There are 2 protein chains.
Amino acid sequence: MAPKTDLDRAVTQRLAESDLRYTSGRQAIVTGLRVADRPVTLPELLDLSPDLAQSSAYRNLSLMENAGVIRRLVHGGDHAHYELAEELTEHHHHLICESCGLVRDITFDGDLEQTLDTAFSRVAASEGFLPRHHAIDVYGRCAGCR
Amino acid sequence: MAPKTDLDRAVTQRLAESDLRYTSGRQAIVTGLRVADRPVTLPELLDLSPDLAQSSAYRNLSLMENAGVIRRLVHGGDHAHYELAEELTEHHHHLICESCGLVRDITFDGDLEQTLDTAFSRVAASEGFLPRHHAIDVYGRCAGCR
DNA sequence: TTGCTTGCAAATGATTTGCACTGCT
DNA sequence: AGCAGTGCAAATCATTTGCAAGCAA
């Protein structure tokens, strides 16, 4: 087993808080997501780590999502995309290719996020909503599909 | 059949451009979505118009989505939500209740949208993407689930 | 040994599709 | 007549789950 990274330690702790072990299968998933460096689908994840059983991958993704380690993204395509939770990385948004489904992370500067939060809170309040977080998806064509 | 509204006329034209007729079943869907005044799931749509056959509703929603009349939203819940396309209403975003799945429309003022478009174009360009449109989802708790 | 994990196979459930029939035009 | 549209039932397919066996504390 590879030496523990800071990410592994953070994941271990979050899993422990939900009474879950950081097994080798779960490490393979976390490592796969870290290496991919972009949200990936389940088939892509299995390609990255061929020893994973599909059902266990789905099961662990789901368990780790509840534990705050994984975030599941769903856009219109056939498969959901998975990435590490923002608490383990950083707040970001997504660029989605309408042609091939590729998803990439993007970040905005703090001033813009500040502006957004303020605007969202005001509009949400007018509808009686208590806003908790937000997601921005920018759709377009990726370099390969231009 | 009810008299044609401006919306009906606009839908008729868009469907015609795809060689589709504006049949009574399709009118029932469009009317249901207009009356609901928020994105609804397929079961909700069938409740609003009990005469619709499920398969035809799905089929027409899909055809009308391709014709630019309908927009399909997918947010992780069990069912997708459907609403009238923005070209028939106005550019808006969504407030989503994490507890019950309710979706409501929200709009931002022009200045903010302008700021957003500028920011999105710049960031997308840095990744080689050509941005086409965007979607902002604000997650939280609705008044009923507070 | 207790209980979390895993892999396999089977089940689930939203959505899609084949097909025969209906109804515009 | 000719073809778009519809409803029913069956098929699809990503994801979930039951279960028996494996493994860590």
Side-chain angles (χ1 to χ4, degrees), chain A residues 1 4 8 11-32 39-47 49-67 69-83 101 103, chain B residues 1 4 8 11-32 39-47 49-67 69-83 101 103:
Chain A
M1 187 193 308
K4 291 226 170 196
D8 286 321
V11 171
T12 300
Q13 177 178 346
R14 282 181 173 275
L15 290 181
E17 288 167 2
S18 296
D19 294 307
L20 295 172
R21 300 177 195 150
Y22 192 27
T23 63
S24 62
R26 291 169 189 169
Q27 286 182 50
I29 290 173
V30 168
T31 301
V40 298
T41 62
L42 190 110
E44 288 173 331
L45 190 56
L46 296 184
D47 284 345
S49 308
D51 289 341
L52 291 176
Q54 185 187 56
S55 65
S56 295
Y58 272 120
R59 186 151 30 203
N60 284 326
L61 250 359
S62 176
L63 288 171
M64 291 196 284
E65 181 183 11
N66 292 329
V69 172
I70 297 288
R71 179 170 171 203
R72 179 187 187 175
L73 310 176
V74 53
H75 298 118
D78 281 348
H79 293 269
H81 283 75
Y82 298 90
E83 66 179 4
V103 182
Chain B
M1 188 192 309
K4 290 227 170 194
D8 286 321
V11 172
T12 300
Q13 177 177 346
R14 282 181 173 275
L15 289 181
E17 288 166 1
S18 295
D19 294 306
L20 295 173
R21 300 178 195 152
Y22 193 26
T23 63
S24 62
R26 291 170 188 167
Q27 285 182 51
I29 290 173
V30 168
T31 301
V40 298
T41 62
L42 191 109
E44 289 172 332
L45 189 55
L46 297 184
D47 283 346
S49 307
D51 288 342
L52 291 175
Q54 185 186 55
S55 63
S56 295
Y58 272 121
R59 189 152 25 205
N60 284 325
L61 250 359
S62 177
L63 288 171
M64 292 197 284
E65 181 183 11
N66 291 329
V69 172
I70 297 288
R71 178 169 172 204
R72 179 187 186 174
L73 311 175
V74 53
H75 291 128
D78 280 348
H79 293 269
H81 284 75
Y82 299 89
E83 65 180 3
V103 182

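Values below: all heavy atoms of this structure, side chains included; hydrogens, waters and symmetry mates excluded. Source: prediction; values computed, not measured. Naming convention: chains lettered A, B, ... in sequence-line order (proteins, then strands); numbering from 1 in each chain.
- Whole-Å rounding puts the Leu63(A) CG to dC4(C) C1' distance at 10 Å.
- Summarising the geometry, the separation between CG on Leu52(A) and P on dG7(C) is reported as 8 Å, rounded to the nearest angstrom.
- Regarding Leu20(A), its CG atom lies at a distance of 16 Å from the P atom of dG3(C), rounded to whole Å.
- Spacing between atom CG of Leu15(A) and atom C1' of dT5(C) amounts to 13 Å, rounded to whole angstrom units.
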Counting primed atoms plus P, OP1 and OP2 as sugar-phosphate and everything else as base, spell out the protein contacts along nucleotides 18-25 of chain C at 4.0 Å heavy-atom distance: B, S or - for each nucleotide, 5' to 3'.
B-------
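- Looking at heavy-atom distances under 4.0 Å, Ser56(A) makes contact with a base.
- If you take CG of Leu61(A) and P of dG7(C), they are 14 Å apart, rounded to a whole angstrom.
- Straight-line distance from the OH atom of Tyr58(A) to the P atom of dT12(C): 18 Å, rounded to whole Å.
- Where DNA chain D meets chain A (any atom under 4.0 Å from a heavy atom), the bounding nucleotides read 5' to 3' are dA14(D) to dA24(D).
- For Arg14(A), the side chain to side chain donor-acceptor pair (under 3.5 Å) test picks out no residue, with sequence neighbours left out.
- Counting only distance, with no hydrogens or angles, the side chain of Glu83(B) and the backbone of Val40(B) share no donor-acceptor pair below 3.5 Å.
- Where Arg72(A) and Asp19(B) meet DNA chain D, the nucleotide closest to each residue was compared, and Asp19(B) sits on the side nearer the 5' end.
- In this structure, the side chains of Leu42(B) and Tyr58(B) come closer than 4.5 Å at one or more pairs of heavy atoms.
- Under a 3.5 Å cut-off, the side chain of Arg26(B) and the backbone N or O of Arg21(B) do form a donor-acceptor pair.
- For the pair Leu42(B) CG and dT15(C) C1', the interatomic distance rounds to 9 Å; values are reported in whole Å.
- The distance from atom CG of Asn60(A) to atom CD1 of Ile29(A), rounded to the nearest 0.5 Å, is 4.5 Å.
- With sequence neighbours left out, the side chain to side chain donor-acceptor pair (under 3.5 Å) criterion links Gln13(B) to Glu17(B).
- Among residues two or more places apart in sequence or in another chain, the side-chain contact (heavy atoms from CB on, under 4.5 Å) test is passed with Ser62(B) by Asn66(B).
- Shown here are the side chain to side chain donor-acceptor pair (under 3.5 Å) partners of Thr12(A), two or more places apart in sequence or in another chain: Lys4(A).
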